[in-house]
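Taking it in order: structure first as structure tokens, then the write-up.
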Amino acid sequence: MPTEPVTEYDPSLGRKFIFVTGGVMSGLGKGITAASTGRLLANAGFDVTAVKIDPYLNVDAGTMNPYQHGEVYVLKDGGEVDLDLGNYERFLDIDMTFDHNVTTGKTYQHVIEKERAGDYLGNTVQIIPHITDDIKRRIREAAEGHDVCIVEVGGTVGDIEGMPYLEALRQFAHEEDDGDILFTHVTLVPYSKNGEQKTKPTQHSVKELRSIGLQPDILVGRCEDKLDPETKEKIALFCDVPTEAVFSNPDVEDIYHVPLMVEDEGLDRYVMERLDIADEALPRDERANDWRELVTRETTGTVDIALAGKYDLEDAYLSVHEALKHAGLEHGVDVNVLWVDTEEMTPEHRERLEGADGLIVPGGFGARGTEGKLEAVRYARENGVPFLGLCLGFQMAVIEYARDVCGLDGANSTELDEETPHPVIDILPEQYEVEDMGGTMRLGAHETAIQEGTLAAELYGGDSCTERHRHRYEVNPEYIERLEEAGMVFSGTAANRMEILELPDHPYFIGTQFHPEFRSRPGRASPPFVGLLDAILDDEPTDRAEEVSA
Ligand code: GLN
């Protein structure tokens, strides 16, 4: 498990903070609004980082299933975190660490451990000040060395779980200089039946914030359309902010357009003025424009990718969707992802698989739907359909090959069938004794050595890559020879771990034990994903090693 920071906070650390809260209901995309503001500040030359606060009692997101919380995002240091951190990494083009995700579980665990160690001897340990101090410490430490730190509080104002955090932010604002902190509140502005933008939910939510001592500086209204000038004026009047501090965040087709939209509304300019950093910003014509160019590029066609997984939920495979989008941006095509239900391969789902231009089998846990995944892999292998297997998808490719090419009937992973006669995928030796489920997998960034002359070498443009991992099972070394004799090539390895597989006589058949999707960014798409589209669009694979293997 990643180590916890132990230093006590120094009030002089970090500079400017933007606290982002949400009202009315969750799922308004306040993370995207916050990340977009950060992108624009970064374009203006500031070093921006972010902290996501998750008020749940889990220590980290690693033990939650995708229905609860979407995908578990993995950081380079092995932190298993909320998918919002993935959005911050992608929007800000930064690598964050486990410390940038503050959870109630982590905070309480730390304070209680300190209590047991006698650090508070003689005192009653309480939410205020002990928990709130620990929250403030974590925010200050994560902000250290950056110009601006965006702090997003998960959930909705008024939730019991969120209270200690809002109290901590109130104290934080009290301790810092006025000009160093901004409170942004994101709320919903619904339409009434007769087409009127309604501000009452926003008013109530701001009232709730004020009752705990927080006055927002900026209000962002999520609405189907832009807020009308009268709506903005009304919100300003009732919520006690200047009209120019009220911004719209209308529905957009593509989240990557949100930075452009908030820029058009002048949110970045207002933030910089209020934080008194406008003079330090790069002049508008010198700011990086790559983002705008990239995300508004004309597309020349659509590629259909079948995603064979068990969840009909984009958030469950968010980073895979994003990585496909990044590869699409690079090729100037739209990528249409078709979900193939591997649990119930109905004729409709089989048709989707067979109609797609390429197949991805993503990561996953447990036996449910795996026979359908194997069927999908077999289809792609036998029919020359470009295929990318990620983690469990890599393991599926090994199992399918063992069964159908090597003739090892009943081959399986011991995770899925403990009694399998051919455990071609088996638990990692270092996992034998592990009993705890939280933070105990092989996690985070590890280097893979790549064999010369292989597809992997061509994709990564070199002899190594460093990608993020999250798994407990691997190729059983006892079966490597048999798989290789039958034609499977393990082109990426880390000591005796098999990390990348490929089939040389197939147009594009590659699997990775790691998750390349977590390092994919707009403008720096992940090589195996770009390769997948290369194969589909019949392009020469491009060499982008220098850009990606930092
Ligand atoms: N369940 C598999 C393992 O633990 C694959 C994990 C994954 O796909 N992230 O090895």
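Just so it is clear, the model here is predicted, and its values are computed rather than measured. When a ligand or atom number is given, it counts from 1 through the structure's own listing order.
Taking a cut-off of under 4.0 Å to the non-hydrogen atoms of G363, the atoms of ligand 1 that pass are 8 (O). The atoms of ligand 1 that sit less than 4.0 Å from any heavy atom of C391 are 5 (C), 6 (C), 7 (C), 8 (O), 9 (N). Every atom of ligand 1 is numbered from 1 in the order shown, and the set under 4.0 Å from a heavy atom of E415 is 1 (N), 2 (C), 3 (C). Atoms of ligand 1 lying under 4.0 Å from any heavy atom of R470, numbered from 1 in the order shown and given with element: 6 (C), 7 (C), 9 (N).
Nearest protein heavy-atom contact of atom 3 (C) of ligand 1 is R472 N, 3.4 Å. Looking only at heavy atoms of the protein, atom 10 (O) of ligand 1 is closest to Y473 N, 2.8 Å. Scanning the protein for heavy atoms near atom 5 (C) of ligand 1, the closest one is G364 O, 3.3 Å.
Nearest heavy-atom pair across P527 and L459 is CB-O, 3.5 Å.
Checked against a 6.0 Å centroid threshold, the rings of W291 and F91 count as neighbours. Two rings, from H69 and Y56, have their centers less than 6.0 Å apart.
Looking at heavy atoms from C-beta onward, I53 lies in side-chain contact with V151 at the 4.5 angstrom threshold.
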Before you tell me yes or no, could you show the steps for Q513 and R442 under side-chain contact (heavy atoms from CB on, under 4.5 Å), namely the whole-Å CA-CA distance, both residues' side-chain angles and the distance that decides it to 0.1 Å?
CA-CA 11 Å; Q513 181 60 77; R442 183 168 198 249; over 6 Å; no

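Within a 6.0 Å radius of CD in E478, other residues, nucleotides and ligands contribute 12 heavy atoms or fewer.
Here E474 has no heavy atoms under 4.0 Å from ligand 1, in either its backbone or its side chain. Contacts of M441 with ligand 1, taken as heavy-atom pairs under 4.0 Å, are absent altogether.
A heavy-atom separation below 4.0 Å is found between H515 and ligand 1.
Using a 4.0 Å cut-off between charged side-chain N and carboxylate O, D95 and R468 make a salt bridge.
For a threshold of 3.5 Å applied to N or O pairs, the pair formed by L390 and ligand 1 contains no separation below that value.
Under the rule for a side chain to side chain donor-acceptor pair (under 3.5 Å), the partners of Y479 that lie at least two apart in sequence or sit in another chain are H422.
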